Amino acid sequence: MASTEHDSLYLHPDRNIALELVRATEAAAIRSYPWIGRGEKLAADGAAVDAMRAFLGTVNFDGVVVIGEGEKDEAPMLFNGERVGNGRGPACDIAVDPIDGTSLTAAGRQNALSVIAVADRGTMLDASSVFYMDKIVTDASGFGVVDIRKPIGENLRALAKAKGKEVGELRVAVLNRPRHEQLIAEIREAGAGTRLISDGDVAGGINAARYESRIDMCVGIGGSPEGITTACAIKALGGFMQGRLAPKDDEERARGEAAGLDCDQVYELDDLVRSDNTFFVATGVTDGELVDGVRKKGPIIRTESIVLRGKSGTIRRIVADHLVEKWLDDTDR
């Protein structure tokens with residue numbers, strides 16, 4: 001029988017570097033484990049950064065951190081422009097957050113993640129000069145239906161109709177911040193319910209695009225790093241996303257415009273990440289709807305990770321057991 005293009009996919013599959021990157025998010029999550037609930041978010045973040053940096057150095061790729069976490073609050077970070085990987089593989093843009101939800105980790109609360117997103121070199125929007133982004137995320141039902149420029153009530157009614165639901169059945173994830181008081185009031189006035197997030201809106205955005213999630217939409221202003229990271233995941237999930245930069249003052253707006261950003265533009269998903277060859281990897285630090293957190297079980301530490309690939313639309317879940325003695329010293333156990 002003649003060979004076809006589809007046959008060649010089985011004979012010569014593309015390397016999935018996300019399966020190597022997951023070791024870095026696992027390492028960051030495990031190293032932050034001793035700091036869960038200890039009230040020291042910078043210590044947790046520092047441990048995660050050091051572990052992630054060390055493991056990224058072993059991965060076969062030539063990565064540049066396009067957008068990192070930490071600059072806006074002087075936390076430890078993998079800095080923008082940092083080269084990662086061993087330099088011997090594909091050239092990639094990287095968005096990293098060793099802990100998305102440092103405050104959640106410090107308080108021992110749910111939904112803290114260790115996250116890496118990857119795309120082809122030069123395809124991620126470099127929004128590092130403007131720290132915050134307004135966004136709206138749904139599953140595929142939002143295409144041609146939802147628009148960030150419309151009032152939230154109008155968007156909710158349109159999305160409910162597209163999903164065959166009543167507005168009262170919709171659940172909307174929003175960061176619980178004073179800046180969102182009016183938005184939250186308008187969501188409830190429209191008849192929908194809210195799922196208020198204390199921190200870590202990457203998980204909120206991803207859950208809005210997952211078919212089995214109870215969340216129908218994620219809206220509001222969160223970090224630009226989280227926005228770009230989320231966009232890589234939404235590509236793999238086939239979901240809908242728009243973002244609009246939210247500079248906090250005229251000085252930040254001017255800095256963004258000097259970097260070539262348009263603070264009035266609505267960035268569609270393909271503007272946020274111009275490649276479909278995206279990877280998204282997250283390991284749970286604390287328990288959440290997306291993945292379970294790190295758990296110590298006698299001599300082992302168990303991690304759960306989710307691995308998303310845009311090119312193939314594949315979603316993998318990886319549960320791994322790690323020997324405690326290889327990871328934590330006596331004081332951490």
Side-chain angles (χ1 to χ4, degrees), residues 41 45 66-73 75 77 80 95-105 109-117 124-138 142 146 148-149 152 155 171-184 186-187 194-210 213 215-235 237 239-249 252-253 256 261 263 265-269 271-273 280 282 285 288-290:
K41 69 176 187 177
D45 209 20
V66 171
I67 193 161
E69 182 59 66
E71 188 175 332
K72 64 176 177 283
D73 55 9
M77 66 184 297
N80 298 333
V96 294
D97 201 344
I99 303 180
D100 177 42
T102 51
S103 296
L104 299 176
T105 303
R109 301 178 69 178
Q110 291 192 334
N111 291 316
L113 300 170
S114 177
V115 174
I116 298 173
M124 279 187 189
L125 179 70
D126 182 356
S128 56
S129 55
V130 178
F131 293 138
Y132 291 99
M133 176 185 292
D134 193 9
K135 68 180 179 307
I136 188 165
V137 186
T138 72
V146 168
I148 198 170
R149 290 162 285 214
I152 187 64
N155 278 327
R171 294 294 176 268
V172 183
V174 188
L175 276 170
N176 190 11
R177 298 287 188 273
R179 62 178 178 264
H180 289 149
E181 287 180 2
Q182 182 63 31
L183 175 62
I184 291 167
E186 291 176 4
I187 291 168
T194 55
R195 181 73 63 85
L196 300 184
I197 308 169
S198 56
D199 280 291
D201 62 335
V202 171
I206 293 171
N207 283 328
R210 290 196 308 132
S213 171
I215 302 297
D216 298 283
M217 179 186 288
C218 184
V219 294
I221 297 173
S224 295
E226 289 86 348
I228 303 303
T229 302
T230 301
C232 288
I234 302 307
K235 286 262 184 172
L237 293 167
F240 168 84
M241 180 175 180
Q242 292 175 321
R244 184 166 49 192
L245 296 169
K248 63 181 182 293
D249 53 32
E252 188 175 52
R253 173 180 282 270
L261 298 170
C263 295
Q265 177 182 344
V266 171
Y267 288 92
E268 304 292 341
L269 184 57
D271 299 319
L272 297 171
V273 184
F280 173 90
V285 176
E289 184 179 346
L290 189 62

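Source: prediction; values computed, not measured. The figures that follow rest on heavy atoms only: side chains count, while hydrogens, waters and symmetry mates do not.
Cys232 approaches Val273 most closely through the heavy-atom pair SG-CG2, 3.9 Å. Scanning both residues, Gly239 and Ala209, for their nearest heavy atoms gives CA-CB, 4.3 Å. Contact record, Leu261 with Ala127: CD1-CA, 3.9 Å, taken as the closest heavy-atom pair. Taking both residues in full, the closest heavy atoms of Val115 and Ala282 are given as CG2-CB, 4.0 Å, listed atom of the first, atom of the second, then distance. The heavy-atom pair separating Gly288 from Asn111 by the smallest distance is CA-OD1, 3.2 Å. In terms of heavy atoms, Ser224 sits closest to Val130 at OG-O, 2.7 Å.
For Arg210, the side chain to side chain donor-acceptor pair (under 3.5 Å) partners are Asn207, Glu212, not counting sequence neighbours. Under the side chain to side chain contact (heavy atoms under 4.5 Å, CB included) criterion, Arg195 pairs with Arg214, Ile215, Glu289, sequence neighbours left out. Taking the salt bridge (Lys or Arg N to Asp or Glu O under 4.0 Å) definition, one finds that Arg253 meets it with Glu257, Asp264, sequence neighbours left out. For Phe240, the ring-ring contact (aromatic ring centres under 6.0 Å, His included) criterion is met by Phe143, not counting sequence neighbours. Under the rule for a side chain to side chain donor-acceptor pair (under 3.5 Å), the partners of Asp199 that lie at least two apart in sequence or sit in another chain are Arg177. Residues satisfying the side chain to side chain contact (heavy atoms under 4.5 Å, CB included) criterion with Thr194, sequence neighbours excluded, are Ile184, Ile187, Arg188, Leu196. Applying the side chain to side chain contact (heavy atoms under 4.5 Å, CB included) rule to Arg109 yields the partners Leu104, Ala107, Ser198; only residues at least two apart in sequence or on another chain are considered. In this structure Gln110 satisfies the side chain to side chain donor-acceptor pair (under 3.5 Å) test with no other residue, sequence neighbours excluded. Gln182 pairs by the side chain to side chain donor-acceptor pair (under 3.5 Å) definition with Glu186, not counting sequence neighbours. Applying the salt bridge (Lys or Arg N to Asp or Glu O under 4.0 Å) criterion to Lys135, with sequence neighbours excluded, gives Asp201. Shown here are the side chain to side chain contact (heavy atoms under 4.5 Å, CB included) partners of Asn155, two or more places apart in sequence or in another chain: Ile136, Val146, Lys150, Met217.
Going from atom CG of Asp134 over to atom CD1 of Ile148 covers 4.0 Å, rounded to the nearest 0.5 Å. Atoms CD1 and CG, on Ile197 and Leu175 in that order, are 5.5 Å from each other to the nearest 0.5 Å. Going from atom CE of Met133 over to atom CG of Leu125 covers 6.0 Å, rounded to the nearest 0.5 Å. With values rounded to the nearest 0.5 angstrom, Lys41 atom NZ is found 10.5 Å from Thr105 atom OG1.
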Apply side chain to side chain contact (heavy atoms under 4.5 Å, CB included) to residues Ile206 and Leu290 and explain how you reach the verdict.
CA-CA 8 Å; Ile206 293 171; Leu290 189 62; 3.8 Å; yes
Could you walk me through whether Glu268 and Gln242 pass side chain to side chain contact (heavy atoms under 4.5 Å, CB included), step by step?
CA-CA 5 Å; Glu268 304 292 341; Gln242 292 175 321; 3.2 Å; yes
Could you give me the CA-CA distance, side-chain angles and deciding distance for Ile228 and Tyr267, then say whether side chain to side chain contact (heavy atoms under 4.5 Å, CB included) is met?
CA-CA 11 Å; Ile228 303 303; Tyr267 288 92; over 6 Å; no
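The closest donor-acceptor contact from the side chain of Ser114 to the backbone of Ile99 lies at 3.5 Å or more, if one exists at all. Side-chain atoms of Thr229 never come within 3.5 Å of backbone atoms of Ala95 as a donor-acceptor pair (strictly under, hydrogens ignored). A donor-acceptor distance shorter than 3.5 angstrom exists from the side chain of Glu252 to the backbone of Phe131, with no hydrogens or angles considered.
Using a 4.5 Å heavy-atom cutoff, the side chains of Ser128 and Val66 are not in contact.
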